[in-house]
Amino acid sequence: MTVNGSHDDAGSAGPALLVFGTDGRLADWTPAAAVLPLLAGRLTAGMPADELEASLFPSAGPHMVPDRKVLRLAGGGAVWRFGASPSSVSLNAGPPAVRRMPDPADRLFAAASHDLRQPLAALSLLIGTLDGRLDAGVAESRVAESRFGEERDLLHSMAQAVESMRSMVDGHFDLVRLESGLMEPDIRTHAVNGVLMRLALEVAPRFADRGLRFSVMPCSAMVRTDSALLERLLHGLVANALRGTMRGRVLLGCRLRGDRLRVEVWDSGRGLSSQRLSALRTELAKPVGEGGGALGLDLTLVRGLARKLGLGLEVCAEEGRGTVFAVLVPISVEHGAEGADASAQAESTAIASPVSDGGTTDISRTRILVIEDDPMVLAALEALLGQWGCSVVGADSYDMAVERLGPAPEHFHLIISDLRLKGAANGIVAIRQIAKLFDRPVPGMILTGDTDPKRLREARLSGYPLLHKPVAPLALRAAVVRLLGHDPL
């Protein structure tokens with residue numbers, strides 16, 4: 001969704017907008033809104049909408065209240081748009097003494113994507129819980145094995161459908177943001193291994209469900225690019241490979257080529273004839289916004305992201321033998337790990353071998369604190385972790401978590417938190433502050449459906465492993481096992 005305004009709003013400063021999230025709190029605003037007399041100096045992120053209603057507008061004089069229109073969003077939240085009037089807006093006002101906020105449309109896309117992910121996350125976790133209960137029933141009776149075989153197949157099909165929905169939601173939102181100019185790269189030095197490990201953790205369970213092998217070759221190279229967008233690009237290539245591979249394997253690895261790193265995705269799928277390969281290369285060479293129908297959603301997004309990041313994109317294929325896509329990423333001129341994204345190294349260490357557990361490691365009697373503000377996802381997490389024998393304490397905010405822990409809290413083995421929470425503290429702050437209540441370190445993990453690049457960058461820089469909703473139960477279990485130090489490898 002885009003919000004268009006005329007230059008009548010606050011002179012030439014653009015529309016005066018306030019953007020509220022699904023929790024009814026102020027998420028963003030435009031510079032034109034910040035100079036309105038009623039709002040100047042009073043806007044702070046997280047302000048409740050009803051507080052603005054009660055404290056600002058009733059107390060204003062009749063000539064001070066600007067014309068306000070409220071746009072309700074389908075997924076929750078709202079946008080307040082203010083019209084200009086001579087008595088309410090100073091045409092000569094200088095730039096406000098507040099930080100310039102990003103385009104509200106970008107925030108709206110991120111909020112909508114986040115809200116759509118929440119029910120998908122709950123579905124994915126609940127499917128994992130049901131699958132575990134079926135396994136327990138089969139272990140007790142051989143009769144149950146034949147009886148519940150079809151039910152298990154149905155559950156796996158449901159899980160694949162949920163993952164497909166999630167991939168389409170991500171792809172559509174990312175493509176719209178890209179083509180609307182709302183997606184701007186943040187180029188810096190990163191350890192490419194962090195990108196590879198995060199991607200492996202997310203997609204490996206999908207290959208396991210299909211009976212395919214997925215291999216990731218570690219790489220110590222440092223590259224200069226936007227790690228979040230590079231990860232999204234590679235996710236599109238891996239998803240494309242998964243869709244076209246019926247048997248065999250998909251391999252993700254890297255090769256040095258001069259001052260560039262070739263990140264390659266190999267598959268053992270059907271491959272392409274010389275004519276189809278030529279047509280594919282022609283489509284990939286088209287400018288962003290042209291064509292794309294023949295590419296499909298994943299490859300259209302891959303093409304757009306490669307252009308946005310200034311990366312080379314190559315493809316080779318042989319009919320009947322598979323396809324290889326390669327992304328050429330600049331090598332960083334810096335040496336060692338200095339200047340690298342700290343979270344890339346943290347995640348590559350904390351979540352290596354993402355599917356090595358396979359559900360065999362005993363994590364029962366593990367005490368886990370879960371902080372999640374969506375009731376559906378919190379209930380699903382409690383059910384899944386309880387299915388694995390964990391003792392779970394759930395809360396929807398930092399304040400509730402502290403209240404539930406009490407004045408003399410028992411030690412927890414792990415804290416899992418959403419990034420966005422009710423109240424002033426986000427998930428990063430909540431984990432750090434709660435961990436200080438115990439007499440020894442407690443590992444933490446961020447589980448989020450957020451797609452806002454700045455929020456994701458903040459989460460990765462925190463050093464805590466980051467999983468995206470909806471997360472596959474196997475991937476969640478593997479991450480828990482690694483953080484608890486139980487991985488036999």
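The figures here come from the full heavy-atom set of this structure, side chains too, leaving out hydrogens, waters and symmetry mates.
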Heavy atoms only: give me the nearest [X]-[Y] pair and the separation to one decimal.
| X | Y | value |
| --- | --- | --- |
| A306 | L233 | N-CD1, 3.6 Å |
| T189 | S332 | OG1-OG, 3.2 Å |
| A27 | G21 | CB-N, 4.2 Å |
| P409 | G406 | CD-O, 3.5 Å |
| C254 | L196 | SG-CD1, 4.0 Å |
| L421 | S417 | CD1-OG, 3.7 Å |

Starting at [atom1] of [X], measure out to [atom2] of [Y] and round the result to the nearest 0.5 Å.
| X | Y | atom1 | atom2 | value |
| --- | --- | --- | --- | --- |
| Y464 | L483 | OH | CG | 11.0 Å |
| E372 | S397 | CD | OG | 11.5 Å |
| L252 | S215 | CG | OG | 9.5 Å |
| C390 | L484 | SG | CG | 7.5 Å |
| E458 | L419 | CD | CG | 6.5 Å |
| M217 | N193 | CE | CG | 11.0 Å |

Checking the side chain of [X] only, and the main-chain atoms of [Y] only, is there a donor and an acceptor separated by less than 3.5 Å?
| X | Y | value |
| --- | --- | --- |
| D226 | D186 | yes |
| R25 | G46 | yes |
| H190 | T225 | yes |

How are the rings of H411 and F438 set relative to one another: parallel (under 30°), tilted (30 to 60°) or perpendicular (over 60°)?
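Plane angle over 60°, so perpendicular.
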Quick one, L301 with R232, criterion side-chain contact (heavy atoms from CB on, under 4.5 Å). Give me CA distance, side-chain angles, the key distance, then yes/no.
CA-CA 9 Å; L301 184 60; R232 187 68 188 91; 3.6 Å; yes
Might you work through the side-chain contact (heavy atoms from CB on, under 4.5 Å) test for F207 and V238, ending with a clear yes or no?
CA-CA 10 Å; F207 285 86; V238 171; 3.7 Å; yes
From CA spacing to verdict: side-chain contact (heavy atoms from CB on, under 4.5 Å), V329, V192
CA-CA 10 Å; V329 188; V192 74; over 6 Å; no
Salt-bridge contact D298-R243 (side-chain N to carboxylate O under 4.0 Å):
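Yes.
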Salt bridge between D373 and K422, side-chain N to carboxylate O under 4.0 Å?
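Salt bridge between D373 and K422, a charged N being under 4.0 Å from a carboxylate O: no.
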With heavy-atom distances below 4.5 Å as the criterion, would you say the side chains of [X] and [Y] are in contact?
| X | Y | answer |
| --- | --- | --- |
| D418 | T448 | yes |
| W388 | I368 | no |
| I371 | I434 | yes |
| L18 | L43 | yes |
| R198 | S227 | yes |
| L230 | L311 | yes |
| V203 | V250 | no |
| I431 | I446 | yes |

I would like to know whether L476 and M445 meet side-chain contact (heavy atoms from CB on, under 4.5 Å); could you show each step before the answer?
CA-CA 10 Å; L476 177 62; M445 174 169 57; 3.7 Å; yes
